[in-house]
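Structure first, then comments.
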Amino acid sequence: MTTTRFHAPERLDEAIRLLAADDEARPLAGGQTLVAMLNADLLSPSQIISLHRIAALKGIEKRSDGSVRIGAMTTHAGLARSDVLRDGHRLLAQAAGRIGHEAIRNRGTIGGAVAHGDPSADYPPALVALDAVIEAVGPKGKREIPASDFFQGFLTTALGQGEIVAAIILPPSLNQARTHYEKFARVEGDFATVSVAVALWRGGVRIALGGVGPVPVRSAEAEAELQAGQLSDAAINDAGALLVAASDPLDDVRGSADYRRRLIPRLVKRAIRAAQAKDAR
Amino acid sequence: MSERVAVEFKVNGATHRVSVPATRTLMAVLRDDLGLTGTKNGCEQGVCGSCTVLVDGAPARACLALAATLPGVEIVTVEGLAQGDTLSPVQQAFLDAGAIQCGFCMPGMIIQATALLTENKRPSDDDIRHSISGNLCRCSGYAKVIEAISLAASRLAP
Amino acid sequence: MNAPGAPIGLSLPRREAGEKATGAALYAGDMVMAGMLHGAIVQSPHAHARILGYDITEAMALPGVRAVVTGDDIEFRYMGLVVKDETAIAKAKVRYIGEPVAAVAAIDVETARRAAQLIEVRYQPLPAVTTIEEALRDGAPLLHEDFAKYTKIYDAPVGRGNLLAHSIATQGDPAKGFAMADAVVEETYAIAAQYHAYMEPCAALAAFDPSGKVTVWSSTQSIFRTQANLHECLGLPMTKIRCIAPRVGGGFGGKSEATIEPIAVLLAKKARAPVRLVLSRNQDMTAMRSRHPGWIRLKTGATREGRLVARECELWFDGGAYADDSPAVMNFALYFVRGPYDIPNVHCEGHAVYTNRMRAGAFRGFGNPQMTFASESQMDALAKKLGMDPIEFRIKNALPKGARWFGGQAVTESTLVEALETARDRAGWIKPLAPAPLGKRRGRGVAAMAHSSAFLSTGAIVRLQNDGTIAVQVGAVDIGQGSDTALAQMAASAFQLPVEQINLATPDTDSAPYNSGTNASRVTFMVGKAVGEAAFKVRDQIIEHAAAMLGVTRDEVSLAPGGRVVVTGGSRRNAEVSFADVAARSIWAVGGPVTGSSAVMASHAMDKSHTKMSGWLSFEAVGIYTFGAQVVEVEIDEVTGAVEIMRAVCVHDVGRAINPGATVGQIEGGFAQGLGYGLFEDMVFEDGRLANPSFMDYKIPSALEVPKKIECVLIEKPEASHPFGARGIGEPPLVGAAAAIANAVANAIGKSITRLPLTPERVLRAMLEE
Ligand SMILES: Cc1cc2nc3c(=O)[nH]c(=O)nc-3n(C[C@H](O)[C@H](O)[C@H](O)COP(=O)(O)OP(=O)(O)OC[C@H]3O[C@@H](n4cnc5c(N)ncnc54)[C@H](O)[C@@H]3O)c2cc1C
Ligand code: FES
Ligand code: FES
């Protein structure tokens, strides 16, 4: 019979030490996924390492180079109303505001959501579209992992044993972009059936899709097509088809794979047009 | 079984010191250890909202908060809203609007509404709908709930 | 009307609203007793398997575990409403994934759950049939080998494999009818399993007293059905079973029969301590009940002038692993095969089938929502074919007062035309809808519906208490719909007392007269009738006493507000006595305690010469029809197919609204539940396993999915057979909602979708195929 032990260290290195020493130990952030799993008996960790006391994981700051560093323990609600996120970076606030319900957003954290690696969740496509970087800290020190490499499969990330998501960094470049997060779900507060994060700027286009593959889906060809075709309807159609080809959706209760494929070009178009409608920068 | 952790927090103004297993949720502590059964268990997955309580003033799911992570916080449950025999304005409005049917969702709903009206003194119907969208009610169709919250807002308005 | 007292027609807050608002209200899962243990269940992982044995040693060895119960602890005793086919807990076989197969009682929930995981059940898997088609295949494995031996209260299709019920009915000459038709529409409608989603998962607390009598507090819609089921499956005499309903967090039909009470009692007995058993949401969704899924083939013919002349219906319901209410639900669906219309020639055939899936059972509407979806969709298809306005077409065929219902019963009142006309006016039906914004489509649809409110039997006891207040004892459980308040209002009205002076006793089989259950829209109607009749008996006795006390004749006194009896004429005019004075006389001097009781039974003769029926349950105890019409406006997103309900107008005939606020609450809630049924609720079973056993994956409407306003219009035409004029309104608001929505969607996209729910995916597909 396992006994679950509890720790709430104040220092990040202490948390990492505890986690690295025991592969049955689990970090706990907002608990909005982890505790639900405990309640459903899907998990029985040997230790729960609560991160809530670690100051280094808190706060959102704009750095001198224009990038934004978001501490892993920042809640969805905190992000949604943050005024540090401006212009193109609002994409992330927009995504945060669409997560679940108020009570969930009040406790759930970006670090926990990112570490969980659910491809239907709202942050992964948003972070990929914003070319964000995940700052992971582990027994061997700090790594900066581009979001597009971080998500590796269904509920699988690049995090190694004992590694913790310490922060999310949004590079300054895409702050200049016009961005939009389009989420389609069965009902408000549900995980996305399909979601689309777009960033448009003078030099390019980035699009990432949620809910249509084991990781956020991107297509360099589609982005090139859009760029070359200047976001015309025809270009969007072609890009939509390329994104469909790049996707790998499943049938589940949120929609069939076929439906998801149908939604991709439609929502991509909606997302692009919505992004264009935002103030040009 | 889990290691026991000692925590101290305030519930409805009173300080409680409890020793809880590491995996015990706030909902279980409130209901089973403190006998505050107003907080309801409708899903224990964070979806239904019937366990919603205020943690340091903000609505949170009691079913998804481990008690061990809450030292020093102030919790308000539905039992903490009335002043003696006088219902809180939100509770009274729920009665007056006839919003309460089976009542199982109502503790969470009333807490959520209380939080809304603290933040937003004059919510529109849409604000209300969004605010309570995470509180499922199978009886009412929400119409009278929305009415009740508007009524409470109008009574609270200066 | 007998008693034009003040409280009738007032929207009084629910009696128990205060305790519910403060969190003080106690539901079964909130109750505690000294020494109480906590239960947990073990569920079958197999859709069909033989149970070879159990290993409970590890579970029993866990500190804090007090008892484990398995099929070895019970005999082959069966319970059930129409077929006795269920044991208290699985024995010898399991028949669906999620079936409770063992249970444990321990000192706390955590320990009980952990112990449950340690119980080992050895199974020999059997081939399973998880769809109607599989269940009926030649040589399909049988769920119930002993079906022939079971007690059944209808003419069951014995020896026909997994077929549980097969009913046929014919009225008129359908072949001749179709020959007269100028337009015929035929379609097959598919319906999904809806989850009741009462917010309170099933819960029970069982405690034995030293005499060996068990008291069960449970989340139930019927204390007497609970008692009967416990009696049947445990072999306890009813003298040893007391069932009480504390506050109940919704039921909608799902708590009409036994839920987990038998298991709680078994645990309490074995552990020799009170046991509280509360299901998790996941367990409730996988172990309890759903609305019947299945399909309905419907064919209807009408003349060029728009007269319905014939209908044919073939209906198949998947009843799941146990019969529960299935034969009755299937029959009830057929009972509404004509909808609220006058169709002279009808042939229908219905089937309920056992499958290795969680049982389907009673659910608000009881088969009628499925049939109404099919029938009302078809009405629109026919209207379209005939080039007629859908409402006009319905009005033309409305069943008038004095007509016969399918089955031959008399229709004593019909408000259908009024309902349809009111809905038409209120919704502005003749005005075209405002054009849809770019990228959207708009549509409007109507559905008419009928439902019945009289059902089975009930009793009431009314007593004058010493202080002049009134005690009412009924077996009806208020599951949130507000019946306690409505009953108190009716009693108060009979005595011209304020409602505060009515004591409504907690439903308790030890003291309440029998009542079949809180279902079938029957409490206000049936129990209200019983309360009224008993109250009038008490009132008569009060008057009798008062007259004697005042030295006048009966005719010279009358009841006055506030519990008084006053002399109305003659020399002693204005002399009065109070109810308390009367009570004192009755208990200390003359006559004995003032008590009145009444028993009512719904009885509406069927007529075999009108409708020939075979394989049916008796429906003589069904009757009194209520009618309604709903108009819905939708807006559809062309990009995703998502449907938004912009407006809903619900017009319902309620007889007299005892409590208009609560009545409107029933309509709003019923419409919202029907909206979920129409748009997205769908228990997806894959090989018998529920793919969406949580609110995360199974969605019910939130405040954002219901229309901003549900406009309710009450048609109040007091029901003559009811002392206060009431009619039932619990179910009708749900019955037509999905159909009205489907018709609005069809109107918007020019094509009708014949499968529920109307998910965005189905709507988009239909739009793209145009
Ligand atoms: C009702 C409901 C609705 C929801 N709806 C949505 C939705 O619409 N969209 C959406 O995107 N999400 C949704 N979620 C999920 C929600 O966003 C969670 O908050 C989030 O997935 C997890 O964040 P958390 O802080 O709660 O993490 P926790 O639950 O504490 O942890 C989640 C996982 O990450 C690990 N972990 C936590 N923090 C770290 C870290 N810093 N480093 C490494 N590992 C870590 C944990 O060990 C655990 O495995 C919903 C959840 C609920 C209950
Ligand atoms: S019980 Fe916590 S949200 Fe449902
Ligand atoms: S009142 Fe019953 S669930 Fe809301």
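Computation of the quantities below employed the complete heavy-atom set of this structure, encompassing side-chain atoms and omitting hydrogens, waters and symmetry-equivalent molecules.
- Within 6.0 Å of CD on A/E61 lie more than 12 heavy atoms contributed by other residues, nucleotides or ligands.
- For B/T25, the part lying near chain A is the side chain, with the backbone staying farther off; criterion is any non-hydrogen pair under 4.5 Å.
- To the nearest 0.5 Å, the span separating SG on B/C48 from NE2 on A/H101 amounts to 9.5 Å.
- Proximity to chain B involves both the backbone and the side chain of A/R5, based on heavy atoms less than 4.5 angstrom apart.
- The structure places CZ of B/R4 at 12.0 Å from OG1 of A/T3, a figure rounded to the nearest 0.5 Å.
- A donor-acceptor contact shorter than 3.5 Å is absent between the side chain of B/E3 and the backbone of A/T4.
- Atoms CD1 and CD, on B/I132 and A/E102 in that order, are 12.0 Å from each other to the nearest 0.5 Å.
- No more than 12 heavy-atom neighbours from other residues, nucleotides or ligands sit within 6.0 angstrom of CZ on B/R122.
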Do B/L70 and A/H52 pass the side chain to side chain contact (heavy atoms under 4.5 Å, CB included) test, and can you show the C-alpha distance, the side-chain angles, and the key distance before you say yes or no? CA-CA 9 Å; B/L70 300 172; A/H52 71 275; over 6 Å; no

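- Only the side chain of A/L28 comes within contact range of chain B, with heavy atoms under 4.5 Å apart.
- B/K10 NZ: 12 or fewer foreign heavy atoms inside a 6.0 Å radius.
- Judged by distance alone, the side chain of B/Q45 and the main-chain N or O of A/A36 form a donor-acceptor pair under 3.5 Å.
- Neither the backbone nor the side chain of A/A8 comes within contact range of chain B; no heavy atoms are under 4.5 Å apart.
- Formation of a donor-acceptor pair under 3.5 Å by the A/N106 side chain with backbone atoms of B/P59 is found in this model.
- Taking both residues in full, the closest heavy atoms of B/T69 and A/S50 are given as CG2-OG, 3.6 Å, listed atom of the first, atom of the second, then distance.
- Here the CG-CG distance, from B/L64 to A/N39, works out to 6.5 Å after rounding to the nearest 0.5 Å.
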